[in-house]
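Read through the structure below, which is laid out as structure tokens, and then see the notes.
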Amino acid sequence: MFDQHRLSLLAVCISFLLVPFTHALGSSCSAPLAQGTASPQDPYWLETIKHQGTSPFNPDKSYKVFRNVKDFGAKGDGLTDDTAAINNAMSSGNRCGGGTCGSSTTTPAIVYFPPGKYLVSAPINTYYYTQMIGDAKQPPTLLAASNFKGFAVIDADPYMAGGAQWFINQNNFYRSVRNLIIDLRKMPASAPAIGLHWQVSQSTSLINVVVEMSKENGTQHQGLFMENGSGGFMGDIVFNGGKIGAFVGNQQFTVRNITVNDAVVAIAAPWNWGWTWQDVSINNCKVGFNLTTNKGVGSEAIIDAVVMNTDVFISTTTPSNSSRQGSLVLNNIFLQNVPVAVGVQNGEVVLEGTNAVTTIYSWAQGNVYHGTDGKPVFTQGMILAPQKPWNIVTPQGKIFGRTHPQYPDYALDQIVSVKSLGAVGDGVTDDTKALQKVFDEYAGCKLIFFDAGTYYVTDTLVIPAGSQVVGEAWSVIMGGGSEFQNENNPKAVVQVGESCSGFPALCCLPGASGLLGPHGILEISDIVFTTRGYAPGAIVVEWNVHEPLDVQGGAGMWDSYIRYSALAAGTDLQFAECPAGSQNTDCMAAFMGLYLTESSSAYLEGTWIWTADHDMEDPKLRQITVFTGRGLLSESLGPVWMIGTAEHSTLYQYNLHNAENHWIGLAQTETPYYQPSPQAPAPFSIKSKYSDPTFDATHGEAWAFYVQSSWSITLFGGGFYSFFQNYSTACVANVTCQNQLFNIDDFSTVQVYGVSTVGTEYQLSVNEWGVINEISNPTGFQQSFTAWLRW
């Protein structure tokens, strides 16, 4: 769909193509990086690259970020007990954990496993800010011994005597487990064995993980156990066998590409506020999803599932005869030999399945709303399916997804280290010129490796199209200084793809696909973007690049986060400078988190945009007041896939303006804890250039999700929360923390499925007029509605 603005831009582009244009598009590689050249016998590059990463704000200057478990004595022969060696690799260096440290960013670690079988007889207790990474070419196995004693093979939040845990579950950030096989089959089938105890929060991921369990009758094995937390993302996971593949009790999560084979129950959900499941495969199980309803499960939204030879796809624990039993949305569900599609345990069949083959195109249970009448229609049946633009789906019609790139076939000579090329990464030295030189010379030629560290930049760092960037235990790019202090002239800290601004012809070069801007492969993983000190003019990441027309998801970011100042050592905006309630305007940390410009496309998986509400380096985890103006602004024409969050920004968390072709998974937000003191937009001012909403005395709180003149937008799962007024949670009890938080204007085509809210009177508004009243949707601590459709 083209409006007058786009037609005008096209005319400008044509005119500029008629004049000479010499602006550079990234580096001029003599040997473009087309594909990996490593032989199958070569070790994975992450194991053999020179490890010179540091944690610059750790007082121990000898602290090691990268740890190979074999350097700590692990054998990986499947016979030797490697438990002590692995736990020593995990804990060495006075790391944050053990129940004595609640959180810290100063002790990051990669605990690396070369190929092999690592016999363990007790849990691997994971410390804060840890990536457990196995060889990506030959994933290693953690083999639970027959005499294994403990809660789980990998434990992300261990229990201590008396029931206390190492970490506060809602603050258990910065964890990743990748490329590991966990094998429980040496343990007796009757043993309550668990592969992963994954009680975690945001900025966490499970990637390329397999759990092998007993398939004997009466097996008690479980692949994943999660009883609490506030997530999160996981994807590319397989559970084989067991009583339960995944037991998932957590506020919210997005799960992509999960397979469960030969389990009694594939997925058990005792409670949640909202989960999105994308690309699910369930085979030879008794039950697919076992949902505890009646104020247990708030919302389940499931899309693109294949379920075969399973007795019941969805099983609920109580009669599903009202919206109080929670929300359920099913889209594009293929069933083969599944007699019951949706049923109540020991009760009615709500939706018949088949002994042959059938497809559920779009089915829902719960309150459905249309337009502006605000009348809930309890529905158990077919509803309008999401409209999926051609560039959002695969050729088979599924929502496109792409796993975190790990480059297993790359050889060492295809990789360059920014520290080896002159960057310092000590959080103090200005690395702007050194980093820009690396990108100018090697973008598109080499995989650019950011050794662990904090890289301070004082001017815009341009990451050209063609770049592939990998961090080490979440390497940090931190912007600061006078260039980012003018709110009236905001400037990007990191510019992903050169901007068309000032160079309209850049949007129209031959091969650049018309209005798509600088195009090419662009991949960023394991990087944290942040600011230092007073930076009210900082756009932390401006995203201009567009994927090539023949590569879906070619411009993307994985397990990379935007966090604002106060939570990390070295940012100068911690509890000492910005205690809760201070309203110190020197604590303005950024203008905006992420800006997707009109020329861009983006695949964002596991992207969390967070303004800290507490100081992570403070032993007491005391609250702070730090101001950031805006979360995520998208003006992209698409395609855009978002699996991310934006929290605690002053004006809004998500703002879609003139955007098109967006798929948004579980979008989870919180509004600032200090509001309404001051009321939005204070301490910032409205900037019409950036399509800011306006505020007045009747609406002075941040928006969670704000949509303006946007088309073909699908929100498939949302969790929009308002817990506080001036740091008090008293408003939650009577749902008065704010009046509205989710708005769609009259000019937008948006489809909404599976939304849960906390603390807001109206769950959805049209033109800032409240439409869906939370009183109609009491499903637990949160309020959940099933769908809102324009017509």
- request: List the steps and the verdict of side-chain contact (heavy atoms from CB on, under 4.5 Å) for Thr671 and Gln653.
  value: CA-CA 8 Å; Thr671 46; Gln653 321 314 315; 4.2 Å; yes
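- If you run side-chain contact (heavy atoms from CB on, under 4.5 Å) between Ser756 and each of Gln251, Gln783, Gln782, only Gln782 comes through.
- Judged by a 6.0 Å distance limit and a 45° cone about the ring axis, Arg563 is not positioned over the six-membered ring of Phe173.
- In this structure, the side chain to side chain contact (heavy atoms under 4.5 Å, CB included) partners of Ala191, at least two apart in sequence or on a different chain, are Met187, Pro188.
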- request: Please assess Val209 against Leu196 for the test side-chain contact (heavy atoms from CB on, under 4.5 Å), listing each intermediate value before the final yes or no.
  value: CA-CA 10 Å; Val209 173; Leu196 298 111; 4.2 Å; yes
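- Inspection of the Thr318 and Gln325 side chains reveals an N or O donor paired with an N or O acceptor under 3.5 Å.
- To the nearest 0.5 Å, the span separating OG on Ser55 from CZ on Phe57 amounts to 8.5 Å.
- Within a 6.0 Å sphere centred on NZ of Lys70, heavy atoms belonging to other residues, nucleotides or ligands number more than 12.
- Side-chain contact check for Ser104 and Glu617: at least one donor-acceptor pair (N or O, by modelled atom type) lies under 3.5 Å.
- Partners of Asp526 by salt bridge (Lys or Arg N to Asp or Glu O under 4.0 Å), not counting sequence neighbours, listed by chain and number: Arg178.
- Counting heavy atoms from C-beta outward, Asn179 and Ile133 have side chains that approach closer than 4.5 Å.
- Evaluation of the disulfide bond (SG atoms under 2.5 Å apart) rule for Cys737 yields Cys731 as partners, not counting sequence neighbours.
- Closest approach of Trp474 to Ser203, counting heavy atoms only: CZ2-O, 4.4 Å.
- Of the N and O atoms on the side chains of Asn272 and Glu300, at least one donor lies less than 3.5 Å from an acceptor on the other residue.
- Applying the ring-ring contact (aromatic ring centres under 6.0 Å, His included) criterion to Trp641, with sequence neighbours excluded, gives Phe400, Tyr603.
- Residues passing the side chain to side chain contact (heavy atoms under 4.5 Å, CB included) test with Thr317, sequence neighbours excluded: Asn290, Thr292, Thr293, Gln345.
- For Asp135, the salt bridge (Lys or Arg N to Asp or Glu O under 4.0 Å) criterion is met by no residue, not counting sequence neighbours.
- Residues satisfying the salt bridge (Lys or Arg N to Asp or Glu O under 4.0 Å) criterion with Arg95, sequence neighbours excluded, are absent altogether.
- Separating the NE2 atom in His221 from the CZ atom in Phe239 is a distance of 14.5 Å, to the nearest 0.5 Å.
- With rounding to the nearest 0.5 angstrom, the CD1 atom of Ile664 is 5.5 Å from the CG atom of Leu715.
- Between Trp610 and Tyr561, the ring center distance fails the sub-6.0 Å criterion.
- Applying the side chain to side chain contact (heavy atoms under 4.5 Å, CB included) test to Phe72 and every residue at least two apart in sequence or in another chain returns Arg67, Asn88, Ala89, Ser92.
- The shortest distance between side-chain heavy atoms of Trp608 and Tyr174 falls below 4.5 Å.
- Inspection of the Ser320 and Thr316 side chains reveals an N or O donor paired with an N or O acceptor under 3.5 Å.
- The aromatic rings of Phe742 and Phe720 sit perpendicular to each other, their planes meeting at more than 60°, with 30° as the lower class boundary.
- For Ser201 against Asn171, the heavy-atom pair with the smallest separation is OG-N, 3.4 Å.
- Applying the ring-ring contact (aromatic ring centres under 6.0 Å, His included) rule to Tyr674 yields the partners Phe627; only residues at least two apart in sequence or on another chain are considered.
- Formation of a donor-acceptor pair under 3.5 Å by the Asp304 side chain with backbone atoms of Ile399 is found in this model.
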query: Would Val755 and Ser299 satisfy side-chain contact (heavy atoms from CB on, under 4.5 Å), going step by step from the backbone distance to the final call?
result: CA-CA 7 Å; Val755 170; Ser299 175; over 6 Å; no
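- Residues passing the ring-ring contact (aromatic ring centres under 6.0 Å, His included) test with Phe151 are Tyr159, His197, Phe225, sequence neighbours excluded.
- Other residues, nucleotides and ligands place more than 12 heavy atoms under 6.0 Å from the NZ atom of Lys215.
- Between the Arg175 side chain and the Val200 main chain, no donor and acceptor come within less than 3.5 Å of each other.
- When atom types are taken as modelled, the side chain of Asn172 and the backbone of Gln199 share a donor-acceptor pair closer than 3.5 angstrom.
- The ring-ring contact (aromatic ring centres under 6.0 Å, His included) test applied to Tyr118 returns Phe113, not counting sequence neighbours.
- In this structure Asp236 satisfies the salt bridge (Lys or Arg N to Asp or Glu O under 4.0 Å) test together with Arg256, sequence neighbours excluded.
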